[in-house]
Number of protein chains: 2
Amino acid sequence: MSRIVPGAFSSDDDAQMRQAERDVTHAFEGQAFDFAALLAVSNVFRAATAVRNHMEREVLSPHQLSWSAFVVLFVLRVWGKQESHQLAREAGITGGTLTGVLTTLERRGFAKRAAHPTDGRRVIVSPTAKGRRTVDQIMPVFNHHEALVTADLSPTDRRELARLLRTVLRTLDTDGQDVD
Amino acid sequence: MSRIVPGAFSSDDDAQMRQAERDVTHAFEGQAFDFAALLAVSNVFRAATAVRNHMEREVLSPHQLSWSAFVVLFVLRVWGKQESHQLAREAGITGGTLTGVLTTLERRGFAKRAAHPTDGRRVIVSPTAKGRRTVDQIMPVFNHHEALVTADLSPTDRRELARLLRTVLRTLDTDGQDVD
DNA sequence: ACACTATCGTTCGGTCCCGAACGACTTCCG
DNA sequence: CGGAAGTCGTTCGGGACCGAACGATAGTGT
């Protein structure tokens, strides 16, 4: 059973966590320690991994699509053709990674690359009809599972969760790109 | 600029998001759609990626440690030697992945494997003195950055964020292992 | 004792992912 | 014009990561 994240026996959550807090602060005693920040960060990461694995297993693997491949395809489905750097940013991956994902997507006939009309360096990415159809087929199931994993959250909680995470993202975004 | 996650111009957040909601619901019109669930799930994943990348770039890369390698080392530092399956669970990775991470950690002299006294299948993993020293050196900086990325959250918000994520984790945990 | 079953950690195939280096192309400026 | 500097997408090296298959060890029942 995890010592930072609760396991199946939720009645022990608080006790386990206080013990974990004691353990950690004891290990680094004599130093100021922001345990709430540790907990927030570590839970974000654990939740993301768990959700991603769940989705890939339950929803995506029958279609042989990875999380990233699906996200890219989803973006193309909803917002249509676009340049690859924008697509990469939208999907939250680097350009190098997008190349690989796009190669896979193209090989399977879900998307296609095209040359930019005036700028020879750029690439325009479009979804194919097959790609759009696939997203339309997967998305209802995907969204259903999104609802499932957040089932124990009230509607207010979900909005609140999204809001808090958005705050973190904005913090990372604005001090990540720093001064121009 | 992302259409689901806000970019630098935070004053447009709400407008952008409502536009995104319209876009998405329009793309899948005629079907019930839980946009709050989509937002929550997608933000969890984005925040995790952003935080992980930030940490690996700013804190871990000087030590040539990946996120997972550091988490494993951290667990070993705080809770000491333990069997590998427990360590894997604690670090949130699978056994197969732990083998790779452990090989790296062992090669660099941060941890070591030992045979279980009675059970020949099991392996006991311990941190080395060098491994402990490394964690002690990194952790203050790491925690400082954890505080930084959650800087725009109030102490209450941080606890709330951790709590909401814990709920999601528990949901995934309990219906993931199902009935015995 | 001895098959049968369960449970370890490891290996393997495949994908993802990043950052850095690279080549192709464009833009800027003399 | 034509080189210099900048900006694209791609390639590459290396690690992470999963799930499935595997070999070794332990327990179980007869």
Side-chain angles (χ1 to χ4, degrees), chain A residues 45-46 48-58 60-72 82-89 91-108 111-125 176 180, chain B residues 45-46 48-58 60-73 82-89 91-108 110-125 176 180:
Chain A
F45 187 68
R46 283 162 177 280
T49 305
V51 169
R52 179 185 176 139
N53 290 347
H54 176 86
M55 290 302 188
E56 290 192 336
R57 246 198 329 266
E58 306 294 326
L60 267 18
S61 81
H63 300 270
Q64 302 213 64
L65 282 171
S66 70
W67 175 281
S68 291
F70 177 69
V71 170
V72 167
Q82 56 198 287
E83 300 187 14
S84 87
H85 64 103
Q86 184 179 3
L87 184 55
R89 152 128 56 170
I93 58 182
T94 63
T97 301
L98 181 62
T99 295
V101 171
L102 230 43
T103 303
T104 305
L105 247 29
E106 214 168 18
R107 173 167 39 85
R108 310 221 8 235
K112 56 180 187 295
R113 284 181 246 231
H116 189 280
T118 66
D119 192 332
R121 297 166 302 182
R122 306 189 193 180
V123 169
I124 309 283
V125 184
D180 292 340
Chain B
F45 187 69
R46 282 163 177 282
T49 304
V51 168
R52 178 185 177 138
N53 289 347
H54 176 85
M55 290 301 188
E56 290 192 335
R57 249 198 324 268
E58 305 294 325
L60 267 18
S61 81
H63 300 269
Q64 300 214 65
L65 282 170
S66 70
W67 174 282
S68 291
F70 177 69
V71 170
V72 167
L73 209 49
Q82 55 197 290
E83 299 187 15
S84 90
H85 64 103
Q86 185 181 2
L87 184 54
R89 152 121 63 163
I93 57 180
T94 63
T97 301
L98 181 62
T99 296
V101 172
L102 230 43
T103 302
T104 304
L105 248 27
E106 216 169 15
R107 173 166 41 84
R108 311 222 5 237
F110 291 139
K112 56 181 188 293
R113 287 180 244 233
H116 188 281
T118 66
D119 192 331
R121 297 166 301 182
R122 305 190 195 182
V123 168
I124 309 285
V125 183
D180 293 338

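Interatomic distance, CZ of A:Arg122 versus CD of A:Gln86, reported as 11.0 Å (0.5 Å rounding). Note that CZ of A:Arg52 and OG1 of A:Thr49 are 8.5 Å apart. Values are rounded to the nearest 0.5 Å. The distance from the CG atom of B:Leu98 to the CZ atom of B:Arg89 is 13.5 Å, given to the nearest 0.5 Å.
For the pair B:Val125 and B:Ala111, the tightest heavy-atom approach, listed with the atom from each and the gap, is CG1-CB, 4.5 Å. Across A:Ala91 and A:Val72, no two heavy atoms sit closer than the pair CB-CG2, 3.8 Å.
Computed from coordinates, the A:Gln86 CD to D:dC8 P distance equals 12 Å when rounded to whole Å. What separates CD of A:Glu58 from C1' of D:dC18 is a distance of 14 Å, to the nearest Å. B:Glu83 places its CD atom 9 Å from the C1' atom of C:dC8, with the value rounded to the nearest Å. Taking atom CD of B:Gln82 as the reference point, atom P of C:dG9 lies 11 Å away to the nearest angstrom. When rounded to the nearest whole Å, the span between NE2 of B:His116 and C1' of C:dC8 equals 11 Å. In this structure, CZ of B:Arg113 is placed 13 Å from C1' of C:dC8, rounded to the nearest angstrom. Atom CZ in A:Arg122 sits roughly 18 Å away from atom C1' in C:dG23 (whole-Å rounding). Separating the CD atom of B:Gln64 from the C1' atom of D:dG13 is a distance of 13 Å, rounded to the nearest angstrom.
Contacts of B:Thr97 classified as side chain to side chain donor-acceptor pair (under 3.5 Å), with partners at least two apart in sequence or in another chain: B:Thr94. A:Arg108 pairs by the side chain to side chain donor-acceptor pair (under 3.5 Å) definition with nothing, not counting sequence neighbours.
Side-chain atoms of A:Glu106 come within 3.5 Å of backbone atoms of A:Arg113 as a donor-acceptor pair (strictly under, hydrogens ignored).
Screening B:Met55, B:Glu56, B:His54 against B:Glu58 for a side-chain contact (heavy atoms from CB on, under 4.5 Å) leaves a single residue, B:His54.
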Sequence-aligned protein contact record of nucleotides 14-22 of chain C, with B where the base is within under 4.0 Å of a protein heavy atom and S where only the sugar-phosphate is: --SBBS---
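Within the 4.5 Å cutoff, the side chain of B:Glu83 has heavy atoms near those of the B:His116 side chain.
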Can you give me the N/O atom pairs linking the protein to nucleotides 27-29 of chain C at distances under 3.5 Å, or say none if there are none?
none

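Taking five base pairs at each end of the helix from C:dA1-D:dT30 to C:dG30-D:dC1 and finding the rotation axis that steps the C1' atoms of four pairs onto the next four gives two axes whose angle is 10°, to the nearest 10°.
Nucleic acid contact class of B:Thr103 (heavy atoms, under 4.0 Å, all strands): none.
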Side-chain donor/acceptor pairs under 3.5 Å, residues 60-71 of chain A, sequence neighbours excluded:
residue, atom, partner, partner atom, Å
A:Ser61, OG, A:Arg57, O, 3.1
A:Ser66, OG, A:Ala69, N, 3.1

